[in-house]
Amino acid sequence: MDAISTEGLTKHYTVGFWRPRPYAALDDLSLRVGTGEVFGFLGPNGAGKTTTLKLLMRLIFPTSGRAEILGRPPGDPDVARRIGYLPEQPYFYDYLTAEELLDYFGSLFGYGAAERRRRTSALLDEVGIGGERRLQLRKFSKGMLQRVGIAQALLNDPEVVFLDEPMSGLDPLGRREIRQLILQLRDRGCTVFFSSHVLADAEALCSRVAILAGGRLVASGALSDIHAFHVHGWELVVSGVGEPVLEQVRARGQALRVTRLADDRFALELPLTVAPERVLAELATHGGRLVSINPLRDTLEDFFVRQIAAAPKGGRMDRAS
Amino acid sequence: MTFRVIGRVAVNVFKESVRDKVLYNLVVFAVLLIAASFLIGQLTAGQDVKIIKDLGLAAISIFGLLIAVFIGIGLVWKEVEKRSIYVILSKPIRRHEFVLGKYAGLVLTLTVNVVVMTAAFYGVLAVMHWKTDPAIRAAWSVSALDPHLLVAVLLILVELMLVTGIALFFSTFSSPFLSAVLTLGLWVIGHFNADLRNFDQVLASKPAIWLARGLYYVLPNFSAFDVKAQAVYGLPVAPGYVAFTSAYGVLYLAFVLGAAVTVFARRDFK
């Protein structure tokens, strides 16, 4: 059984007061996420990621299509008992303390007082909220609220966790902690569905991704299977050789571009047809040394830009009508 | 529908109102009443108790109204606006349980308020009672500590429950400002509702009379809950009237809450 599946999930909003027109926030999304997967849901801002998550949480109702979580429709209280959800930039009752908030949510799951105390204390330890747990949430920073948000999403040992932009607004340390946490969840057998607009997050974590642009699914599968992200060349960074030697390499068509990085360091962009080992061997005879070598591939941003350029004429308004 | 979940939401609303210092109004109420009793005590003997009774009941009603309207309109709106609703609705709670819990929480806050205000009210009256010369007291038509005042307070509470329900209903689909205007508007109209019934005596046009009649039945009749004058003058209010009026309030409330739940259940939280 799939942890999450959607079929033709579509959401159109009406915009404009005097002349109401439909707007396609999400168009015909069909997805399957297997149990135990870490699934990355990628796309630029406004692609429809949050709309999808809200449809899965039954915060909004689909115009057409359907969705299932753990084989049941979203909004079913039995589903709610088995999932966790972290909204984008979460906000909680700021008059409560972190402890009270988790206690309140725990009571909605029907846990007894002792059970609530145990879970609250263990989770706040896990997300690194220490003595602050007795402060009202209005005194919390954005990063700390994000931690509380994660704690509440894991309160019921969920089987499926939905995280909407879990890394946004966090410092590098915080991002690393979230990555570790997602991997821990995966190791526990939890299915993780998270949205992001940063490809690196997905590369580090996901078994599979779906890429959304303009409310439509434009690619899905393992990142290595998505053609756009195949390696299309190499970037060599070398030192110890002069510019004339590198110019010769370029003139022979073995390098597309030579960029001076520092006094003694140059970056060479090689096409995929040229073996970097041969170029390196030649440069070594002139005293060149390798500093680094990196595969060249499109970033998610490049991909988005191309997708948007290639999109059929007519906006999301026309599609919806 | 589980009462446990509704109860949890209600307790949380009560906690919020306590932490947001809503109960401070009780201090204002007590100070107002005590200050008034001193001032009025300087005026005519015999009339002062009646004036304090008038003032006290009116203050309970107005303070309650302000809380019911201004917290009622924010109950749901604030959660939507601040997006705290996203998390709570992802928990095992149904939307109607959420709305009813919010409602119950505000009614709990209001009840605590009204009970404390009433206790303070009777406290001031008791002091006036003891400080007054027994000879003057004997001339009073009604005792200062007349329990009939409680009947008026009870109906005020039922009225406030209905006002809260109406405020909540409007807040499920409109902005706080509009909700406040609509709720207060209905409250004012509801106090002059009885006039609508008598329009046939002043109007000639049949459709206008039917419209007035229709509005009379559809709009909440808040004037029915107002027995403050009878209570102050010690006039009896028939138990049947209290029961019938309360039943009317509860029935109207059930209708309003049903509408609020229906609207809320279908809403998209964009």
Side-chain angles (χ1 to χ4, degrees), chain A residues 11-15 23 25 50-51 53-63 69 74-97 100-101 103-111 116 136-138 148-149 152-153 155-156 158 161-162 164, chain B residues 1-24 71 74-102 104-105 109 172 174-175 178 262-270:
Chain A
K11 179 67 185 177
H12 293 174
Y13 287 118
T14 305
V15 293
Y23 172 83
T50 297
T51 299
L53 279 160
K54 283 186 180 172
L55 284 165
L56 288 171
M57 292 302 116
R58 221 15 159 219
L59 291 169
I60 55 178
F61 298 91
T63 308
I69 302 172
D76 184 327
D78 288 332
V79 170
R81 262 171 223 293
R82 296 161 65 190
I83 64 170
Y85 169 53
L86 170 72
E88 190 179 4
Q89 294 169 11
Y91 179 89
F92 306 106
Y93 310 104
D94 58 10
Y95 52 90
L96 293 181
T97 68
E100 286 170 335
L101 182 81
D103 188 80
Y104 176 35
F105 288 154
S107 71
L108 297 179
F109 283 101
Y111 300 140
R116 296 204 297 271
Q136 286 189 11
L137 292 170
R138 66 184 86 208
V148 173
Q152 64 79 25
L155 192 61
N156 52 325
V161 183
F162 298 85
D164 197 356
Chain B
M1 180 159 84
T2 65
F3 289 103
R4 179 182 55 78
V5 172
I6 293 175
R8 288 293 169 180
V9 178
V11 168
N12 198 45
V13 171
F14 183 69
K15 206 181 250 176
E16 175 178 8
S17 60
V18 171
R19 299 231 170 130
D20 283 350
K21 306 179 173 69
V22 172
L23 300 183
Y24 278 17
I71 300 183
L75 276 178
V76 170
W77 180 83
K78 219 164 88 182
E79 295 246 4
V80 177
E81 188 64 17
K82 293 192 165 181
R83 307 189 315 271
S84 47
I85 193 134
Y86 296 169
V87 173
I88 188 139
L89 289 187
S90 74
K91 305 294 179 208
I93 179 172
R94 291 175 188 273
R95 286 191 181 190
H96 64 263
E97 292 170 337
F98 175 78
V99 172
L100 294 178
K102 283 273 169 187
T109 308
T172 53
S174 74
S175 72
L178 195 58
T262 309
V263 172
F264 191 75
R266 294 150 178 260
R267 228 184 115 170
D268 272 346
F269 298 106
K270 291 184 217 176

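Sequence lines set the chain letters: A, B, ... in the order given, protein chains first and strands last, and positions in each chain run from 1.
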Test: A:Arg138 and B:Asp20 ion pair at under 4.0 Å
yes
Nearest atoms (heavy-atom pairs only) where A:Leu96 meets B:Lys15
CD2-CD, 3.6 Å
Between CG of B:Asp268 and OG1 of A:Thr63, what distance do you get to the nearest 0.5 Å?
8.0 Å
Nearest-0.5 Å distance that lies between atom OH in B:Tyr86 and atom CD1 in A:Ile60
8.5 Å
To the closest 0.5 Å, what do you measure between CG (A:Leu53) and OG (B:Ser90)?
11.0 Å
Any idea which heavy atoms bring A:Pro77 and B:Pro92 closest together, and the distance?
O-CB, 4.1 Å
Quick one: salt bridge (Lys or Arg N to Asp or Glu O under 4.0 Å) partners of A:Asp76, sequence neighbours excluded?
A:Arg72
Specify the closest pair of heavy atoms between B:Ile85 and A:Leu59, including all atoms of both residues, with the distance to one decimal.
O-CD2, 4.3 Å
For chain B, which of A:Gly110, A:Pro90, A:Pro74, A:Gly149 has the most heavy-atom pairs under 4.5 Å?
A:Gly110
For each of A:Phe92, A:Phe162, A:Phe109, A:Tyr93, tally heavy-atom pairs with chain B at distances under 4.5 Å, and name the one with the top tally.
A:Tyr93
With a 4.5 Å cut-off on heavy-atom pairs, point out which of A:Arg81, A:Met57, A:Gln136 contacts chain B the most.
A:Arg81
Checking A:Phe105 against chain B: side chain, backbone, both or neither under 4.5 Å from a heavy atom?
side chain
Heavy-atom pair of closest approach, residues B:Lys91 and A:Leu108:
CB-CD1, 4.1 Å
How long is the straight-line distance from CD1 of B:Ile88 back to CD of A:Gln152, given to the nearest 0.5 Å?
10.0 Å
Contact origin within A:Asp94 toward chain B - heavy atom pairs under 4.5 Å
side chain
Heavy atoms only: give me the nearest B:Lys270-A:Lys54 pair and the separation to one decimal.
C-NZ, 2.8 Å
Counting only N and O atoms by type, is there a donor-acceptor contact under 3.5 Å from the side chain of B:Arg8 to the main-chain atoms of A:Ser107?
no
The interface call for B:Val11 against chain A, heavy-atom contacts under 4.5 Å, is neither
Which bit of A:Tyr91 comes within less than 4.5 Å of chain B, counting heavy atoms only: side chain, backbone, both or neither?
both
